[in-house]
There are 2 protein chains.
Amino acid sequence: MIDENPADARLDRAFMALADPVRREIIARLSRGPATVNELAEPFDISKQAVSKHIQVLEHAGLVTRSRDAQRRPVHLDAAALEALTAWIDGYRLIHEQQFRRLDSLLGSLTSTTES
Amino acid sequence: MIDENPADARLDRAFMALADPVRREIIARLSRGPATVNELAEPFDISKQAVSKHIQVLEHAGLVTRSRDAQRRPVHLDAAALEALTAWIDGYRLIHEQQFRRLDSLLGSLTSTTES
DNA sequence: TTGTTATTCAACCCTTTGCTTGATCAACTA
DNA sequence: TAGTTGATCAAGCAAAGGGTTGAATAACAA
C-alpha cells in the first residue's frame with residue numbers, strides 16, 4: 001500500500017484520463033482518425049495550452065501516441081490500451097455473473113426439492 | 001461545454017471512482033459478495049473514515065449500493081454500472097477496429113490488383 | 001440506563017488538477 | 001533573413017482530492 005505496482009499505476013492514469021469530458025471527447029474524435037493539437041482544440045472553449053495538457057495526460061496514460069509531421073504533432077488513438085481497461089472491468093463483471101449463475105442453480109435445486 | 005449533460009457527469013464520476021487503487025480493491029472485494037465498511041477497511045493502512053469516504057465516492061458514482069443490517073451498512077457491487085463503462089469504451093474500440101477492417105480490405109484490393 | 005459497536009460528520013492540511021497568460025522553441029514560408 | 005504557424009514551457013491561482021483527528025449519531029447489548 002506504500003508503493004503502487006506499475007500495473008496499478010497504469011490503471012490509475014488511464015481511468016483518471018477518462019474521467020474528464022474534454023478528454024473523452026478527444027478520444028471520440030481520435031476514434032475517427034489522427035488529429036493535430038489545433039484540430040483537437042478547435043471545438044473547445046478553452047486555450048490550446050489547456051488542450052495540449054489534456055493530450056499529455058492521455059499520452060502519459062498510454063491511451064494515445066504521437067508522431068511528427070513538420071511543426072505538427074498528430075495524435076493517434078491506441079485502442080489496445082482501451083482494451084486493457086475493459087479487461088479489468090470485465091474481470092469483476094464476470095465474477096459477478098458467475099455468482100448469479102450459482103444463485104440460479106441454487107434456486108433451481110431448491111425448486112426441484114420443493115416440487116419433489 | 002459550459003454545463004455538462006447528466007450522462008457525461010455519470011461517466012466522469014464512474015471513471016474517476018475507478019482511478020484510485022483503494023477503490024479498485026474495494027470493487028474487487030465486493031465482486032466476491034457484499035461487505036461492511038469495517039470489513040472493507042480491514043486490509044488497508046488508512047483510517048475507517050477514509051475508507052468510508054471512498055465508499056461514498058463509489059456510491060455517488062453508482063458503482064455500489066448499500067443496504068442496512070442493524071448498525072451495519074453492507075455495500076453491494078452494482079455490476080450493471082460497470083457494464084455502462086465498458087459500453088462507452090467499446091463504442092470507440094469498435095469504430096477503431098472497423099477502420100482496421102477497412103484498411104485490411106483496402107490493402108487486400110491493392111494486393112489483388114498487384115497480383116493480377 | 002450505560003456502554004459498545006458501526007458509521008458518518010466536521011474541520012483542517014497538503015498535494016494535485018485544470019485553467020489562465022506570457023514567453024519560448026521548432027519548423028516551415030516569403 | 002524575417003515572419004508565421006504549431007506546439008510546449010513556466011508561473012501562478014482557485015478548486016477538488018485524499019488523508020488525518022475528534023466529535024456526533026444510530027442501533028444494539030448488558
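Per chain, numbering begins at 1; letters A, B, ... match sequence-line order. Since the model is a prediction, treat every value here as computed from it, not as a measurement.
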K.L.:
What is the distance, rounded to the nearest whole Å, between atom CD1 of B:Ile55 and atom C1' of C:dA6?
P.N.:
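Roughly 11 Å, once rounded to whole Å.
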K.L.:
Need to verify one output field. Residue with the more 5' nearest nucleotide on DNA chain C, A:Ile46 or A:Arg68?
P.N.:
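Closer to the 5' end of DNA chain C: A:Ile46.
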K.L.:
Kindly say if A:Arg73 contacts the phosphate of C:dA26, meaning a side-chain N or O under 4.0 Å from OP1 or OP2.
P.N.:
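So the side-chain polar atoms of A:Arg73 never come under 4.0 Å of the phosphate oxygens OP1 or OP2 of C:dA26.
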K.L.:
Atom CG of A:Asp69 to atom C1' of C:dA27: distance rounded to whole Å?
P.N.:
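Result: 11 Å.
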K.L.:
Counting any heavy atom closer than 4.0 Å, what does A:Lys48 reach on the DNA or RNA strands: base, sugar-phosphate only, or nothing?
P.N.:
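No contact.
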K.L.:
Taking only side-chain nitrogens and oxygens of A:Gln56, does any of them come within less than 4.0 Å of OP1 or OP2 of D:dC9?
P.N.:
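So the side-chain polar atoms of A:Gln56 do come within 4.0 Å of the phosphate oxygens OP1 or OP2 of D:dC9, strictly under.
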K.L.:
CZ of A:Arg72 versus P of C:dA27: gap in Å, rounded?
P.N.:
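Rounded to whole Å, this separation is 12 Å.
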K.L.:
Verify whether one side chain among B:Arg73 and B:Thr36 offers a donor that lies under 3.5 Å from an acceptor in the other.
P.N.:
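There is no such pair (donor and acceptor under 3.5 Å, judged by atom type) between the side chains of B:Arg73 and B:Thr36.
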K.L.:
Between P on C:dT8 and NE2 on B:His60, what's the gap in Å once rounded to a whole number?
P.N.:
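B:His60 atom NE2 is separated from C:dT8 atom P by 15 Å.
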K.L.:
Can you find a heavy atom in the side chain of A:Val75 that is under 4.5 Å from one in the side chain of A:Val64?
P.N.:
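Yes - at least one pair of side-chain heavy atoms lies under 4.5 Å apart.
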K.L.:
Between B:Ser52 and C:dT8, is there a side-chain N or O to OP1/OP2 distance below 4.0 Å?
P.N.:
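The answer is yes; a side-chain N or O of B:Ser52 sits under 4.0 Å from OP1 or OP2.
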K.L.:
Could you walk me through whether A:Glu25 and A:Phe44 pass the side-chain contact (heavy atoms from CB on, under 4.5 Å) test, one step at a time?
P.N.:
CA-CA 10 Å; A:Glu25 278 202 49; A:Phe44 300 106; 3.7 Å; yes
K.L.:
So does B:Arg68 get a backbone contact from the side chain of B:Arg66, meaning a donor-acceptor N/O pair under 3.5 Å?
P.N.:
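No; judged by distance alone, with no hydrogens or angles, the pair does not exist.
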K.L.:
Grab the CG-C1' distance between B:Leu40 and C:dT7 for me, whole Å please.
P.N.:
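Answer to the nearest Å: 12 Å.
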K.L.:
Check the distance between C:dT8's C1' and B:Asn38's CG and give it to me in whole angstrom.
P.N.:
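From B:Asn38 CG to C:dT8 C1': 12 Å.
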K.L.:
Please evaluate the base of D:dG19 for a donor-acceptor partner in the side chain of B:Lys53 within a cut-off of under 3.5 Å?
P.N.:
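Per atom types, the contact qualifies.
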K.L.:
For C:dT8, take OP1 and OP2 only and decide whether either is under 4.0 Å from a side-chain N or O of B:Arg66.
P.N.:
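Yes, within the criterion.
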K.L.:
Ignoring backbone atoms, establish whether A:Ser47 has a side-chain N or O less than 4.0 Å from OP1 or OP2 of C:dT20.
P.N.:
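For C:dT20, OP1/OP2 do have a side-chain N/O of A:Ser47 under 4.0 Å.
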K.L.:
Please enumerate all residues that pass side-chain hydrogen bond (donor to acceptor under 3.5 Å, both in side chains) together with B:His76, with sequence neighbours excluded.
P.N.:
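Once residues adjacent in sequence are excluded, the partners of B:His76 under the side-chain hydrogen bond (donor to acceptor under 3.5 Å, both in side chains) criterion are B:Ser67.
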K.L.:
If I take atom CG in residue A:Asp45 and atom P in nucleotide C:dG18, what distance separates them, rounded to the nearest angstrom?
P.N.:
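Atom-to-atom, A:Asp45 to C:dG18, this comes out as 18 Å.
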K.L.:
So, is A:His54 near the phosphate of C:dT17, with a side-chain N or O under 4.0 Å from OP1 or OP2?
P.N.:
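The answer is no; no side-chain N or O of A:His54 sits under 4.0 Å from OP1 or OP2.
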K.L.:
Could you please name the option among D:dG6, C:dT5, D:dT8 that lies closest to any side-chain atom of A:Gln71?
P.N.:
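Side chain of A:Gln71 sits closest to D:dG6.
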K.L.:
Whole-Å distance between D:dA15 P and A:Asp20 CG?
P.N.:
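Rounded to whole Å, this separation is 18 Å.
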K.L.:
Of all the nucleotides listed (C:dT17, D:dG19, C:dT20), which has the minimum atom distance to the side chain of A:Met16?
P.N.:
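The closest nucleotide is C:dT17.
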K.L.:
Can you find a donor-acceptor N/O pair under 3.5 angstrom joining the side chain of A:Gln49 to the base of D:dG6?
P.N.:
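In this structure, the two groups form no donor-acceptor pair.
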